[in-house]
2 protein chains.
Amino acid sequence: MAKRNDVLDFAVLGVLSSGPLHGYELRKRLADVLGTFRALSYGSLYPCLRRLQAGGLIEEVSLTPVSETSAPPLSGRRARIVYALTADGKEEFDRWANHPGPEAWEDEGFAAHLAFFGRTESRVRLRILEGRRSRLEERLATLRESLSRSGRRLDEYTLRLQEHGLDGVEREVRWLTELIDEERASDS
Amino acid sequence: MAKRNDVLDFAVLGVLSSGPLHGYELRKRLADVLGTFRALSYGSLYPCLRRLQAGGLIEEVSLTPVSETSAPPLSGRRARIVYALTADGKEEFDRWANHPGPEAWEDEGFAAHLAFFGRTESRVRLRILEGRRSRLEERLATLRESLSRSGRRLDEYTLRLQEHGLDGVEREVRWLTELIDEERASDS
DNA sequence: GTTAGCATGTAAGGAGTTACATGATTTT
DNA sequence: AAAATCATGTAACTCCTTACATGCTAAC
């Protein structure tokens, strides 16, 4: 199992795990949670919802979504399709959040896991943060190696770009170290 | 014109502009120049070469590529197909390098332009750097706005991730400002 | 009355990857 | 004799975006 769009599926389940929502609203939450960049189009989202529904992880409900606290008579507006997690969906989300695979060290996967750290056990959080840091340290080694290998014959500006990229990764490693230290302190 | 793969095409023309190369070697140079990340697969590169050839921007040559300085009798080895820029290809590359479109402010496009700054006029370099900086300042405004809008209801960790992303963009703006100042100084 | 925002969806296409197919040469 | 590196190429597949189709309500 687990082969297809994984990260997106996980994010959708994660957002739905705080309450039922319809597609349009879901997309906005997704953008907030994963960063404005990962604001996917409806052309991705709606097929994803159908896929999750077909897999029995979410279902249509007729409840008003949580966003509508003091419901305006939901007068007209086009019919919304509100989705909620099923029991299987909750289970699947929990499996994702607390039994991370190697996708959790990659850029997108890591961001998605971090976004739902509130639903992840402290022990697992630490594992994800450390795994991510190792991943970046590997990348750092590769970058340094390639820079010292081809650095001399590179354009001055290209060199600056590479060095800037390297600094960025180093910065992220320091950031992760901070998070790890805090996690260890609060866990103790 | 100009609709399809643009950035990749530009990068290939750019690498070939320092001398003829065959696909295998070209791919390695491309990785050095654009960062190891942008190391595209042969499944992308070879079709790209055929596309450029069909467009008359590159052509097959029987010369040994520059990489073979003191040629080992090129004994066996599978037949290599060495490509060189045509006159049209040189012209097209120059148009790219010195008449940048809006793609030059985006992540990939900017990296590609920077990689060939050696072949770009100082005046144009400045324009690209400043355009990129404006682009990032826009992004900064969007991020800040979305952070202050949805920041309160965000998970502590998600917030940290967003802030880290924001810091990263600010850092890039400072970096660009350095480059711009240097460019202005050397231009004077 | 027209624009903006809400709301769902499909079809076509772009850009890339992986896995495969093929085969030689050099190094271990 | 196996493994690594050189070298070119194709087919299938993934994931995503854009543009379109539809239609309602609220605000200007």
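For the numbers below, each heavy atom of this structure counts, side chains included, while hydrogens, waters and symmetry mates do not. Within every chain, numbering begins at 1; the chains are lettered A, B, ... in the order of the sequence lines, protein sequences first and strands thereafter.
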Chemist: Classify the ring geometry between Phe110(A) and Trp175(A) as parallel (under 30°), tilted (30 to 60°) or perpendicular (over 60°).
Modeler: perpendicular

Chemist: Which nucleotide in the set dT8(D), dC16(D), dC6(C) lies at the smallest distance from any side-chain heavy atom of Leu8(A)?
Modeler: dC16(D)

Chemist: Could you give the CD1-to-C1' distance, from Ile81(A) to dC6(C), as a whole number of Å?
Modeler: 14 Å

Chemist: Among dT8(D), dG9(C), dT17(D), find the nucleotide with the atom closest to the side chain of Tyr83(A).
Modeler: dG9(C)

Chemist: Mind checking the CG-CD spacing from Leu16(A) to Glu59(A)? Nearest 0.5 Å is all I need.
Modeler: 11.0 Å

Chemist: Compare side-chain N and O positions of Tyr42(A) against OP1 and OP2 of dT8(C) and report whether any pair is under 4.0 Å apart.
Modeler: no

Chemist: Take the protein atom CG of Asp9(A) and the nucleotide atom C1' of dC16(D), then report the distance between them rounded to whole Å.
Modeler: 14 Å

Chemist: Shortest non-hydrogen contact from Cys48(A) to Asp9(A)?
Modeler: SG-OD1, 3.5 Å

Chemist: So, does Tyr46(B) get its side chain near the phosphate of dG9(D), meaning an N or O under 4.0 Å from OP1 or OP2?
Modeler: no

Chemist: What nucleotide among dT8(C), dT17(D), dC16(D) has an atom nearest to a side-chain atom of Ser41(A)?
Modeler: dT17(D)

Chemist: Could you tell me the separation between the CG atom of Asp6(A) and the P atom of dT14(D), rounded to a whole number of Å?
Modeler: 12 Å

Chemist: For Gly23(A), answer base if it contacts any base atom (sugar-phosphate contacts may also be present), sugar-phosphate if it contacts only those atoms, and nothing otherwise; contact means non-hydrogen atoms under 4.0 Å.
Modeler: sugar-phosphate

Chemist: What donor-acceptor contacts under 3.5 angstrom involve side-chain atoms of residues 163-173 of chain B, with partners at least two apart or in another chain?
Modeler:
unit_1    : atom_1 : unit_2    : atom_2 : d
Glu170(B) : OE2    : Arg144(B) : NH2    : 2.7
Arg171(B) : NH2    : His164(A) : O      : 3.0
Glu172(B) : OE2    : Arg132(B) : NH2    : 3.1

Chemist: For Arg50(B) and dT8(D), what is the distance between atoms CZ and P respectively, to the nearest whole Å?
Modeler: 12 Å

Chemist: Would you kindly give the CG-to-P distance between Leu45(B) and dG9(D), to the nearest whole Å?
Modeler: 10 Å

Chemist: Among residues two or more places apart or on two chains, list those pairs meeting ring pair (Phe, Tyr, Trp, His ring centres under 6.0 Å) that have a residue in residues 115-153 of chain B.
Modeler: Tyr157(A)-Phe117(B), Phe10(B)-Phe116(B), Phe93(B)-Phe116(B)

Chemist: For Lys28(A) and dC6(C), give me the distance from atom NZ to atom C1', rounded to whole Å.
Modeler: 8 Å

Chemist: Roughly, in whole Å, what's the span from CG in Leu26(B) to C1' in dG9(D)?
Modeler: 15 Å

Chemist: Whole angstrom is fine here: how far is it from CD in Glu60(B) over to C1' in dG9(D)?
Modeler: 13 Å

Chemist: Just compare dT5(D), dG9(C), dT18(D) and give me whichever is closest to any side-chain atom of Tyr24(B).
Modeler: dT5(D)

